[in-house]
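As the structure is a prediction and not an experimental result, all values here were calculated from the model. Hydrogens, waters and symmetry mates are skipped; everything else that's a heavy atom, side chains included, is used. Naming: A, B, ... by sequence-line order, numbering from 1 per chain.
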Amino acid sequence: MSLSLNHLNSRQREAVLHTDGPLLILAGAGSGKTSTMACRIAHLIATKNIAPTDVLGLSFTNKAAQELKERVGKLIASGKGKRGATRGLIISTFHSLCARLLRSHAEQLGFQKDFSIVDRADQKDILRTIFKHLNIDDRKFDHEVILGEIGQAKSRFLSGDMAQAFFLESGRLPGPYQIATAEAFQKYQDQLKVLNSMDFDDLLYYGVKLLESCDDVRAHYNARFRHILVDEYQDTNPSQFRLLRLLTQRQQNICVVGDDDQSIYSWRGADAGHILEFGSHYPGARIITLDQNYRSTNLILEAANAVITNNKKRHPKQLWSDRGQGEPLNEVILEEDREEAEWVGEEILRRATEEHRPWKDFAVLYRSNPQSRIFEEALRRKKVPYKIVGGMSFLDRKEIKNVLCLWRLIANHHDDASLRRIINWPARGIGKTSFEALNEYAFKNSLSLFSALTRASEVAPRVVPVVDTFRGAILTLRSDLEKLPMESVALAQWARTSLEVMGVRKAIEEESDDPIQFAKKWENVEELLHSIGLMKLDDPMFSEEGGNGPVAVIQEYLNRMMLQAQEQEEDEKDKDDSNSNQVTLLTLHGAKGLEYPVVFLVGMEDGLLPHQRSIDEASDLSEERRLCYVGITRARDHLILTRAKNRIRYGKPVPRYRSRFLNEIPAELILLTDRSFPDASSPKEVVAAHEERVKNFAGSIRDMLLAGRKGI
DNA sequence: TCCCGGGCTAATGTC
DNA sequence: TAGCCCGGGA
């Protein structure tokens, strides 16, 4: 059975059919990159009879990985008429892949296989402990900056003197930061090891280390992954590059797809050099350029092209489309941020009704996460179903985080970050003083907190009984878990019991102000319990050598939660479709690789896009511009750019100005509506509005005023 | 140890 | 505005 390639253009088809040897696809935004990749994978499996387990697809976000996997599933299902033909196909993020490799080989690196993955908040906890012991006043430092720096060093594979030199490099950071980071770095790494934990950068770092140091492991995966595809290659950092080199040692069937205009992760160490020098890294590589855009109308593309040409360092390319001119872009000015959200909500309702669009046609894109909040509120008020991608809002809730920490501690007793969160949740009378004493003792003796609990009699005799009870309960839950049969019901029941035993209900009651709030929080916890019951226990990865069945299931569950990867049930796709008929709210970074018929690009103001920090630091604005470009090119049919004249910050309105990137779009592409003067009868205001428009904009003033009066 | 209230600070992005 | 930390009092 072969797959139909009729819907592809000649270059795309070439990319699909070129299955042997290295291939670089330079794919402009919306050039059918995902369908080409999906088709390539489907072609390998359905036509060339490559086993799904031999193919590896890598991307940066869960959203993109999921999308690709879905597309492949659909192609194969339609071609072969049978479901499940993609079983064993791995399409994941770099981090998930590494977590998976490490889970089975952790011992080779001096970790236990039940290691925890720590998130940003946990990293900060650990850093705080270290600073305390180094007698560094940690309030003088932004932990975000220091952790960012440590992450950079790790993704560049630096350690020891090299890392020190990197931190102390002049100019990049203020002196005190350089010193603090240099001092903390090794201690931070050592501490993670004591805690049997890895941060996100470690997953890549140790993943590479594993493949470099263990010949048999490397040989195994080299033999297994006979075809590797990488999405958004322009965003790979040195660890990811190194990982790919290791995985393609034996064969060179690597296909990378990327676009230098969409490189938006240089702040976290991505190196566009990887895509530029692909030909020299993989001699004989074929290069195919895709520049026909299938997504957007030409007015949208013109706007995108106009913005991105302002970047100096790039491969010139003009996107074109045969989809016709389309409608002009809309720019809508609102008085305040709240009204911006309100208007967007109403506009979505209006278009959904008048244009008969499903909710999933709409996306609201913003530069930074906190912007999502008012849109969330506005949509909720209007009863428009929505989902927030990324934002971590669910996992960030205290009750959710703590419940996960409870399970993390059961899975890995040395996970201090987790223990710290739940030891006195609910209040057990283990206060600051006792805890600090234990903490001190643990750190001095290179012990985890959990190990230190057995020595409570030496440092905090008063709390010995409670500590013993706590420790006993955790140990009992662990051994109960180990004895569990491999059945979802048993696992779900165990999870529920664990909450009862640890008094989680009481803890949540204590911190709820009223029964309604409590009910909401408990509902979130129920959702966790539900999701744990959905784990597929027949997955071969749970029965592999280690054989600690139910424990492995919990670990994998925690893995997924920490890496934000949702389980995608293949057979539930249709059901899921109706489920996901929702308006999508997400950051520009999160939107990379996705498309929507109607896109609202909100907060188009200097200080938001481009972000204030990139303006202040006088760094070049090209990455912000690429971000804007990514945003514009997400839109298929309608692009609505909104901005507020004032934004409430810390309770006070702050005036805002039109984004400089909007000024780069030719005026004739934009239809302007000023909603900040609903009653434009006062001559003074009309003049003021008029003047602002003239200042911002060289286009036809009369047209704009008319548009402003009429509304859209 | 826990609770309360005042004061301080705050928000770039992802896994 | 809201969430967090700190200090004082019970």
J.: Closest approach to the side chain of A/T93, judged atom by atom: which nucleotide of C/dT1, B/dG13, B/dC15 is it?
T.: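 When the side chain of A/T93 is considered, B/dC15 is the closest of C/dT1, B/dG13, B/dC15.
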J.: C/dA2 and B/dG13: how far apart are their C1' atoms, nearest whole angstrom?
T.: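 After rounding to an integer number of Å, I get 23 Å for this pair.
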J.: From C-beta outward on A/S368, which listed nucleotide comes closest to its side chain: B/dT1, B/dG13, B/dC15?
T.: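 Per side-chain heavy atoms of A/S368, the pick is B/dG13.
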J.: Any chance you could lay out the side-chain contact (heavy atoms from CB on, under 4.5 Å) test for A/D125 and A/R421, step after step, and finish with the verdict?
T.: CA-CA 10 Å; A/D125 279 349; A/R421 279 215 176 73; 3.5 Å; yes
J.: Looking at B/dA11, B/dT1, B/dC15, which one has an atom nearest to any side-chain atom of A/F200?
T.: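 Selected nucleotide: B/dC15.
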J.: Counting side-chain heavy atoms from C-beta on, which of B/dT1, B/dA11, B/dG13 comes nearest to A/H589?
T.: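 Looking only at side-chain atoms, A/H589 lies closest to B/dG13.
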J.: Does B/dA11 have its OP1 or OP2 closer than 4.0 Å to a side-chain nitrogen or oxygen of A/N369?
T.: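 False: A/N369 side-chain N/O out of range (4.0 Å or more) of B/dA11 OP1/OP2.
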J.: Mind calculating the distance between CD1 (A/I374) and C1' (C/dT1) to the nearest angstrom?
T.: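 After rounding, the gap between these two atoms is 13 Å.
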J.: Expressed as a whole number of angstroms, how long is the span from A/D122:CG to B/dC15:C1'?
T.: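 The answer, rounded to whole Å, is 14 Å.
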J.: Applying the 5.5 Å / 30° rule, does A/Y265 stack onto the base of B/dG13?
T.: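 Base of B/dG13: not stacked against A/Y265.
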J.: Classify A/A427 by what it touches in the nucleic acid, base, sugar-phosphate, or nothing, heavy-atom distance under 4.0 Å.
T.: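 Contact class for A/A427: sugar-phosphate only.
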J.: Name the residue closer to the 5' end of DNA chain B, choosing between A/I430 and A/F94 according to the nucleotide with the nearest heavy atom.
T.: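 That would be A/I430.
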J.: Which of these nucleotides, B/dC15, B/dT1, B/dA11, is closest to any side-chain atom of A/P370?
T.: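 Of all the options, the side chain of A/P370 is nearest to B/dA11.
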J.: Whole angstroms only, please: what is the CZ-P distance between A/R649 and B/dA11?
T.: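 To the nearest whole Å, that distance equals 10 Å.
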J.: Would the A/H95 and A/F60 ring centres measure less than 6.0 Å apart?
T.: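 Ring-ring flag for A/H95/A/F60: false, centres at least 6.0 Å apart.
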J.: Does B/dT1 have its OP1 or OP2 closer than 4.0 Å to a side-chain nitrogen or oxygen of A/S434?
T.: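 It does, given that an N or O in the side chain of A/S434 lies less than 4.0 Å from OP1 or OP2 of B/dT1.
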J.: Whole angstrom is fine here: how far is it from NZ in A/K398 over to C1' in C/dA2?
T.: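 Nearest whole value for this atom pair: 16 Å.
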J.: In whole Å, I'd like the distance from the OH atom of A/Y650 to the C1' atom of B/dG7.
T.: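 Distance, rounded to whole Å: 16 Å.
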J.: Among B/dC15, B/dT1, B/dG13, find the nucleotide with the atom closest to the side chain of A/T433.
T.: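 The closest nucleotide is B/dT1.
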J.: Cation over ring, A/R156 on A/Y205, under 6.0 Å and within 45°?
T.: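 Verdict for A/Y205: no cation-pi partner in A/R156.
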J.: Residues two or more places apart in sequence or in another chain: which of them pass ring-ring contact (aromatic ring centres under 6.0 Å, His included) with A/F375?
T.: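 With sequence neighbours excluded, A/F375 shows a ring-ring contact (aromatic ring centres under 6.0 Å, His included) to no residue whatsoever.
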J.: When you get a sec, tell me which of B/dC15, B/dT1, B/dA11 is the closest nucleotide to the side chain of A/N62?
T.: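 Given the options B/dC15, B/dT1, B/dA11, the side chain of A/N62 is closest to B/dC15.
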J.: Rounding to an integer number of Å, can you tell me how far A/K124 NZ sits from C/dC5 C1'?
T.: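 Taking atom C1' of C/dC5 as the reference, NZ of A/K124 is at 15 Å.
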J.: Which part of the nucleic acid does A/F60 contact within heavy-atom distance under 4.0 Å: base, sugar-phosphate only, or nothing?
T.: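 Sugar-phosphate, no base atom in range.
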J.: How do A/K432 and A/R373 order along DNA chain C: which one's closest nucleotide is nearer the 5' end?
T.: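 Nearest-nucleotide comparison on DNA chain C picks A/R373.
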J.: A/E144 has an atom CD; how far is it from atom P of B/dT9, in whole Å?
T.: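 Whole-Å distance recorded here is 19 Å.
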J.: Would you please indicate yes or no on a ring centroid separation below 6.0 angstrom for A/Y629 and A/F661?
T.: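 Ring centres of A/Y629 and A/F661 not closer than 6.0 Å.
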J.: Taking atom P of B/dA10 as reference, at what distance in whole Å does atom CG of A/D142 sit?
T.: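 Whole-Å distance recorded here is 8 Å.
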J.: Give the nucleotide from the list C/dT1, B/dG13, B/dT1 with an atom nearest to the side chain of A/R462.
T.: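 It is B/dT1.
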J.: Would you tell me if any nitrogen or oxygen in the side chain of A/N424 comes within less than 4.0 Å of OP1 or OP2 on B/dC2?
T.: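 Yes.
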J.: Between A/F111 and A/F115, what is the ring plane arrangement, given parallel below 30°, perpendicular above 60°, and tilted in between?
T.: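 Rings of A/F111 and A/F115: perpendicular, over 60°.
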